[in-house]
Protein chains: 2
Amino acid sequence: MAETVTIQGDLELLARTAHLFSSVREEFVCAARDLDTWPHHGARQAARDRVRHSGAPRIRKLYSPAALADEHSREHLSQLVDRGGQVRIADAALPHETIIIDRRYAILAGASAPGGREYTVTGAPTLVGGVHALFEAAWEAATNLGDFLRAERPQLDAGSRTVLRALGSGVTDATAARELGMSLRTYRRRVAELLDTLDAESRFQAGVRAGELGLNR
Amino acid sequence: MAETVTIQGDLELLARTAHLFSSVREEFVCAARDLDTWPHHGARQAARDRVRHSGAPRIRKLYSPAALADEHSREHLSQLVDRGGQVRIADAALPHETIIIDRRYAILAGASAPGGREYTVTGAPTLVGGVHALFEAAWEAATNLGDFLRAERPQLDAGSRTVLRALGSGVTDATAARELGMSLRTYRRRVAELLDTLDAESRFQAGVRAGELGLNR
DNA sequence: TCCCCGATGGCAGCAAGCTGCCAGGGGCTC
DNA sequence: GAGCCCCTGGCAGCTTGCTGCCATCGGGGA
């Protein structure tokens, strides 16, 4: 392969770079806006297989917050982490998707063209090095997936947390109000406010949200 | 250091092995019953620092299900995973805690003795190799932390899941029953059964459980 | 001081949720 | 078919949750 080539369309990209994806030895680095960006299903399988064995490459993926939009993506990302990959979320939008393999090859996505999207694949050391340095900078600035998800939970004041715990303990409103030293009316006001901030229409729904967000602690 | 030494007590272990923990280059392997077993706080910090940089050692930790007993430990483990460590849960009890560093040194915990717990530290290749092989076998047989947690969720039949979704959608019982094509009475029976299997005393509590267990899908 | 404002709590009425009881109804075995 | 069992649904009565309304209270600010 020439040091730098331009490729049109996903299919050709797959055909021309499949051997690169399956040759990953040490590091597979990927930056993208969301999970739908790269169509490299074969590569995913190869990467998965490799992680299972010792001497696995280090896998790092950097996404925009957009990658967390739907539940399905979240599930996928957490599975990625389970398999030993590292996932971080950047503040930036990451419009130009990038893959770097073993610091030897870089694949950069460009604009859409009539014949499909345009990609640049290069093995030129200076180019790859530069791209890698940029990635490192973005990587360092980004936050861990787990931390990001934890930070995402709405910040509740101490009062709301108390009410939350009372609700979670399963007691009736009367008991909870007594334990918290407030009237039934006020307690129910707090509950109603909590449902409002959690955007829930029923107590059950609020419980689900609280459980998902790990607020019940 | 002699090839194999026996050490009494946690303090001496720390003193004699601190340099080993900070010398980890490629792989840090640990098997233990739970998180309280090893007192190596310094090592944790060292490992943490290393993971932040490239060329990080591969960290693998194998625990018994007992390590998941309390919420605090779960939190700690998931943070470990966030930082790029791999955590698996074994079916076995793992009574003999083991640490292997770079396949060069092994630390094995033994029985409690009057002068503190007894530890064996060795750098003998055959010994370390043997221990490592045993660890690999146990590791392969164990399941990923994430998978384990997912499998832990109680299995609900299709009907219960439907009810769960209805509850999660936030509609009233009357609406839900109509949508599910059953009477109000039966729907409420289903809800009551669900609360029972989730061991919840209120709908909110059931919601929390469902959210925690990721059942709301 | 007076007024305003926000938070609280009591009350009342309604809506929603919970459950015991009993009456079908369908499938099963004998 | 008879008896049995389990599931369902209606009814009723009760508890719990929800909220509008109003009175009260305490802390600023004009």
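Here is the naming used below: chain letters follow the sequence lines, and residue numbers restart at 1 for every chain. A quick note: this is a predicted structure, and the numbers were derived from the prediction, not measured.
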Looking at DNA chain D, which of residues 167-180 of chain B put a heavy atom within less than 4.0 Å of it?
none
Take the protein atom CG of B:Leu194 and the nucleotide atom P of C:dT19, then report the distance between them rounded to whole Å.
13 Å
Within a strict 4.5 Å, meaning less than it, do heavy atoms of the A:Lys61 and A:Phe28 side chains meet?
yes
Measuring from atom NE2 of B:His132 to atom CD1 of B:Ile100, what distance do you get when rounded to the nearest 0.5 angstrom?
5.0 Å
Assess whether a salt bridge exists between B:Arg60 and B:Glu136, defined as any Lys/Arg side-chain N lying under 4.0 Å from an Asp/Glu carboxylate O.
yes
I'd like to know if B:Asp10 and B:Arg117 make a salt bridge, using a cut-off of under 4.0 Å between side-chain N and carboxylate O.
no
Give a yes/no answer on whether the side chain of A:Arg188 brings an N or O atom under 4.0 Å of OP1 or OP2 in D:dC18.
no
OP1, OP2 of C:dC18 versus side-chain N and O of B:Arg203: anything below 4.0 Å?
yes
All side-chain hydrogen bond (donor to acceptor under 3.5 Å, both in side chains) counterparts of B:Glu201, not counting sequence neighbours:
none
Using the test side-chain contact (heavy atoms from CB on, under 4.5 Å), find all partners of B:Asp102 that sit at least two apart in sequence or belong to another chain.
B:Val24, B:Arg25, B:Glu26, B:Glu27, B:Arg104
In whole angstrom, give the distance that lies between atom CG of A:Leu195 and atom C1' of D:dT16.
15 Å
Using whole Å, report how far CD of A:Glu201 lies from P of C:dA16.
12 Å
Separation of atom CG in B:Leu184 from atom P in D:dG10, rounded to whole Å
9 Å
Could you list the residues that satisfy side-chain contact (heavy atoms from CB on, under 4.5 Å) with B:Glu179, not counting sequence neighbours?
B:Thr175
Using whole Å, report how far CE of B:Met182 lies from P of D:dG10.
13 Å
Sorted by chain and number, sequence neighbours left out, side-chain contact (heavy atoms from CB on, under 4.5 Å) with A:Ser183 holds for A:Arg185, A:Thr186
Can you name the atoms? Protein N/O to nucleotides 21-24 of chain D N/O, anything below 3.5 Å, with the distance.
none

